[in-house]
Protein chains: 2
Amino acid sequence: MPPTAPATETKSRSTAEAQRSKIVSRAVRVFAHAGYHATPVAQVAAAAGVSPAYVFRLFPGKLALFVSAVEHCYERVRVGLIASADGTDASTPEEILAAMSDAYVDLIRDRDLIMLQVHAQSACDVPEIRAAVQRGLAELVTAVTDASGADSASVQRFVAYGQLCHLIVQADLASIDETWARTLSDGIQHPDDAPTPSRPGPTRD
Amino acid sequence: MPPTAPATETKSRSTAEAQRSKIVSRAVRVFAHAGYHATPVAQVAAAAGVSPAYVFRLFPGKLALFVSAVEHCYERVRVGLIASADGTDASTPEEILAAMSDAYVDLIRDRDLIMLQVHAQSACDVPEIRAAVQRGLAELVTAVTDASGADSASVQRFVAYGQLCHLIVQADLASIDETWARTLSDGIQHPDDAPTPSRPGPTRD
DNA sequence: TTTGTGACTGACTGAACAGTCACTTTTGAC
DNA sequence: GTCAAAAGTGACTGTTCAGTCAGTCACAAA
């Protein structure tokens, strides 16, 4: 810290914090590809344009870096969903939930958010990761419930079909033109990936 | 092979094949804990009571071993579900599907089958693993569709709630006594883990 | 100019692990 | 018993990777 330590921190003051943010957001992308165990820290460092050593300087370890990425990911999803609920002119809980479903499909267009969730879930045998997933889900489910006003069973269905989306993306079912694959992915597609735009799951049938 | 090569292979004939089976079934259990990337072959070997070198003798590599385990896992699930469909006295498609849902919840009691599916899904960036998952899903969805006679949307819902089960098990939501966690796991529980036995998902509401 | 400090890195270490290979032990046919 | 093939392993190798450490560089205050 500066010797006289004036109260005003005018400018550059914490390039480190900016780097930290940059590394986390790059980490979301990089970890999304192959997950926690299969992704070296060096790869995240390269994506952020810094040395691996510096990543360890800013984060206590690989695990903490991954957890930060997971938290960032859940927050982006939550913010996106809430924004869609606030932005829709729907009024009934089911309609708001349907708008959120559309927003979720749209959010996960780039695969990073969905794949990181999936990888975080599958690394839940690491206690710190499991805790992060639980925190993320807690906030997500609570936010969706509050914003939509939907009942428990509807929110459960929302999440179930969300998980189905994860499977479709992971296993790349959209690329398979067979009956069974269409059974799983019918009605759950990105508007411009398929001729029949629709919302995921029978939210009102 | 034997010198004169008689057509009859009387007894022991292929301890290796028996070992291979044993290793695969242990591999399901061991890989289920931490997944493909985080599980050393040595751990599978130890669980099967053989040396790591011998595992590499029976399998071309770690990847092939994992793929075999995944195939074994999907087959067990498929066989279990079909057996429940054959064994039920239900007659309508929805009732058969409900029986299968109960059977699935029962099948995954030991966590191994569910966790290996999850880990296989999350390792889908490895082409061979993705192909195995696709094959497994193809057979599973086809079998469920044929055995139940249910329509596409119902089978989709069946799978969606199955994926929700995966999330509940991975993140250990059953151990969390909070509203959001109950929202996700209500009605999806092992009969003896909760006072209110029920089938997963609103299959008839 | 000197001096102090935060940003940042190259080069290294130690451990873990996939895969190999030469070797020993077991088994079964004659 | 003998012999060949199959079953099975210990010891090794090359690589990858998390994490460390001593140090450089840019810059700001005095």
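Below, read A as the first sequence line, B as the second, and so on, with proteins coming before strands; counting in each chain starts at 1.
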**Study point:** Distance in Å, B/Leu184 CG paired with B/Leu164 CG, rounded so as to fall on 0.5 Å steps
**Key:** 6.0 Å

Revision key, fill the gap. Per salt bridge (charged side-chain N to carboxylate O under 4.0 Å, His left out), B/Arg135 is matched among B/Glu71, B/Glu75, B/Glu128 by B/Glu71

Check your understanding: Of the residues in residues 52-60 of chain B, which ones touch DNA chain C at a heavy-atom distance under 4.0 Å?
Key -> B/Ala53, B/Phe56

Point to revise | Residues forming a side-chain hydrogen bond (donor to acceptor under 3.5 Å, both in side chains) with A/Asp110, sequence neighbours excluded | key: none

**Study point:** Residues within residues 21-45 of chain A bordering DNA chain C, heavy-atom distance below 4.0 Å
**Key:** none

Check your understanding: Just wondering, are more than 12 heavy atoms of other shown residues or ligands nearer than 6.0 Å to NE2 in A/His72?
Key -> yes

**Study point:** For A/Asp172, side-chain hydrogen bond (donor to acceptor under 3.5 Å, both in side chains) partners two or more places apart
**Key:** A/Ser175

Practice item. Among B/Val70, B/Thr39, B/Ile23, find the residue that satisfies the side chain to side chain contact (heavy atoms under 4.5 Å, CB included) test when tested with B/Leu65. Key: B/Ile23

Revision key, fill the gap. Picking from D/dG10, C/dG10, C/dA7, the nucleotide nearest the side-chain atoms of A/Thr15 would be C/dA7

**Study point:** Within residues 61-73 of chain A, residues whose heavy atoms come under 4.0 Å of DNA chain D
**Key:** A/Gly61, A/Lys62

Check your understanding: Are any of A/Gln19's side-chain N or O atoms less than 4.0 Å away from OP1 or OP2 of C/dC8?
Key -> yes

Check your understanding: Can a donor-acceptor pair be found between the side chains of B/Ser122 and A/Gln170 at a distance below 3.5 Å?
Key -> no

Practice item. Could you verify whether a donor N or O on one side chain and an acceptor N or O on the other, from A/Gln121 and A/Gln163, lie under 3.5 Å apart? Key: yes

Review point. For A/Phe66, what residues pass the ring-ring contact (aromatic ring centres under 6.0 Å, His included) criterion, not counting sequence neighbours?
Key: A/Phe31, A/Tyr36

Check your understanding: Which is it for A/Glu17 and A/Lys22 under the salt bridge (Lys or Arg N to Asp or Glu O under 4.0 Å) test, yes or no, and what are the steps along the way?
Key -> CA-CA 9 Å; A/Glu17 213 46 42; A/Lys22 181 175 188 179; over 6 Å; no

